[in-house]
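Comments concern the structure below.
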Amino acid sequence: MPDSRYSDLERPPLSEAALTRALVRPGSLWTGLTVVDTTGSTNADLAEAARAGAAQGAVLVAEAQSAGRGRLGRTWAAPPRSGITFSVLLTPSVPMAAQGWLSLLFGVAAASAVRRLAEVDVRLKWPNDLLIGERKLAGVLAERVEHAVVIGMGLNVTLRRDELPVETATSLALEEAACLDRDPLLRAVLREIETHYREWEEAGGDAEACGLRAAYLAASATVGREVRVELPGGQVLTGRATGIDGAGHLLVEAGGRRHALSAGDVVHVRPAA
């Protein structure tokens, strides 16, 4: 029997109409919200929409993805309706040099919303993961598409242990979170993104002036730790993560030198053994 949207009563479908009523309104950042049962990749779909001239503020949510991707093309998969999988389309007006902060802004907003509703201690692993302890709860992927940036997130909500894509992952259910209802979680994340994005744009992309850098550092699971950074070509950098610069780069002190690393510079960042 084919899978129905209501076949797993512990995983009810999201309502496009209810989410639209709550989030898409005059003056809102969010200009349209679509929920689809399945797609290959929400990021790929919105990238195509961006190339076709879609306006800022489009949100695409998928109950399941067949070709979900993480950073550097890594695959990402989860059972239907077990998580929150969505992408947003933004056309930031801030200088290009500051736009490396966008995925970090997204992470700060998502972590703040989940921490408040689910009552779990969510931390940020540079550049794109949300952690509980050392386990991955969510991943963020930002991609530039001509004049726009598409940013997506996959957040594990009700995955059981045998459904986790890797042993080092977790879900809100496994962490006994206070909220497992995807509707209020998604609303809260999108509202937090809107708040941080507007403040960041009003500050001209200055993450220090709008408080974004301080918020990121307060939630960081990377800064202040000894880290092992795997670089393309098999190179390894081991040192202390000391901060985030104005462009969103990770600062690592190693061998008496300070290295500023962009997300595109690294393969993995892990705690040093």
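Note that the coordinates shown come from a computational prediction; the quantities given were computed from them, not determined experimentally. We count residues from 1, following the sequence as given.
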Q: Show your reasoning for whether salt bridge (Lys or Arg N to Asp or Glu O under 4.0 Å) applies to E230 and R270.
A: CA-CA 8 Å; E230 296 176 21; R270 294 190 170 103; 2.9 Å; yes
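- Linking ILVMFWY side-chain heavy atoms closer than 4.5 Å, directly or via other members, places V140 and L89 in two distinct hydrophobic clusters.
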Q: Check the pair E134, R225 against salt bridge (Lys or Arg N to Asp or Glu O under 4.0 Å), reporting the backbone distance first and the verdict last.
A: CA-CA 13 Å; E134 297 293 335; R225 298 183 72 172; 3.1 Å; yes
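- Under the 3.5 Å distance criterion, the side-chain polar atoms of S87 are left unmatched by any main-chain donor or acceptor of L60.
- There is no side-chain donor-acceptor pair under 3.5 Å between T42 and D45.
- Put simply, the side chain of E63 gets close to the backbone of L14: a donor and an acceptor are under 3.5 Å apart.
- For the pair R182 and E10, the salt-bridge criterion is not met [side-chain N within less than 4.0 Å of a carboxylate O].
- Shown here for I193 and A109, the closest heavy-atom pair between the two residues is N-CB, 3.5 Å.
- Residues forming a ring pair (Phe, Tyr, Trp, His ring centres under 6.0 Å) with F106 (at least two apart in sequence, or on another chain): F86.
- Between L104 and L212 there is no side-chain heavy-atom pair separated by less than 4.5 Å.
- Both L33 and W30 are part of a single hydrophobic cluster, where members link through side-chain heavy atoms under 4.5 Å apart.
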Q: Decide side-chain contact (heavy atoms from CB on, under 4.5 Å) for L185 and I84; before the verdict, give the C-alpha distance in whole Å, the side-chain angles of both, and the deciding distance to 0.1 Å.
A: CA-CA 8 Å; L185 285 166; I84 299 173; 3.7 Å; yes
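- Hydrophobic clustering (ILVMFWY, side-chain heavy atoms < 4.5 Å, transitive): L180 and L174 are in distinct clusters.
- The neighbour count for R144 CZ, taken as heavy atoms of other residues, nucleotides or ligands under 6.0 Å away, is above 12.
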**Q.** Step-by-step salt bridge (Lys or Arg N to Asp or Glu O under 4.0 Å) determination, R160 to E163
**A.** CA-CA 5 Å; R160 299 178 278 272; E163 295 174 325; 3.0 Å; yes
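- The hydrophobic clustering, which links ILVMFWY residues whose side-chain heavy atoms are closer than 4.5 Å, places V189 and V24 together.
- Counting heavy-atom neighbours within 6.0 Å of E146 CD, excluding the residue itself, gives a total above 12.
- When all heavy atoms of L261 and L237 are compared, the closest pair comes out as CD1-CD2, 4.2 Å.
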List the atom pairs, donor and acceptor, that lie under 3.5 Å between side-chain atoms in residues 239-254 and the rest of the protein, sequence neighbours left out.
| from | atom 1 | to | atom 2 | distance (Å) |
| --- | --- | --- | --- | --- |
| R240 | NH1 | G224 | O | 3.2 |
| R240 | NH2 | G224 | O | 2.7 |
| T242 | OG1 | L251 | O | 3.4 |
| D245 | OD1 | A247 | N | 2.9 |
| D245 | OD1 | G248 | N | 3.2 |
| D245 | OD1 | H249 | N | 2.9 |
| D245 | OD2 | H249 | ND1 | 3.3 |
| E253 | OE2 | R258 | NE | 3.3 |

(Q) side-chain contact (heavy atoms from CB on, under 4.5 Å), that's the test. Do V223 and W126 meet it? Break it down for me. (A) CA-CA 8 Å; V223 175; W126 187 92; over 6 Å; no
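- Ion pairing between a basic and an acidic side chain is recognised when a charged N comes within 4.0 Å of a carboxylate O; R198 and E202 show no such pairing.
- A donor-acceptor distance shorter than 3.5 angstrom exists from the side chain of S82 to the backbone of P79, with no hydrogens or angles considered.
- The backbone N or O of T91 sits less than 3.5 Å from a side-chain atom of Q56, completing a donor-acceptor pair.
- A donor-acceptor pair is defined here as one N or O able to donate and one able to accept, closer than 3.5 Å; such a pair exists between the side chain of N43 and the backbone of G152.
- Defined by atom type and a distance below 3.5 Å, a donor-acceptor pair is present between the side-chain atoms of S93 and E201.
- Nearest heavy-atom pair across A118 and L172 is CB-CD2, 4.1 Å.
- Although no hydrogens or angles enter the test, the distance criterion places a donor-acceptor pair under 3.5 Å between the side chain of K125 and the main chain of V269.
- Using a distance-only test at 3.5 Å, with no hydrogens or angles considered, no donor-acceptor pair links the side chain of W200 to the main chain of D206.
- In this structure, the side chain of R228 does not engage the main chain of P271 through any donor-acceptor pair within 3.5 Å.
- With hydrogens and angles disregarded, a donor-acceptor distance shorter than 3.5 Å links the side chain of T20 to the backbone of E16.
- Residues T158 and R11 bring a donor and an acceptor atom of their side chains to less than 3.5 Å of each other.
- When every heavy atom of R115 is checked against every heavy atom of V122, the shortest pair comes out as NH2-O, 2.8 Å.
- For the residue pair N128/S103, the side-chain donor-acceptor check at 3.5 Å is not satisfied.
- Tracing side-chain contacts under 4.5 Å through hydrophobic residues (I, L, V, M, F, W, Y), one never reaches L141 starting from L131; they form parts of separate clusters.
- Using modelled atom types, one finds no donor on one side chain facing an acceptor on the other under 3.5 Å when comparing Q65 with T85.
- Side-chain atoms of R123 and L130, non-hydrogen and from C-beta on, never get closer than 4.5 Å to each other.
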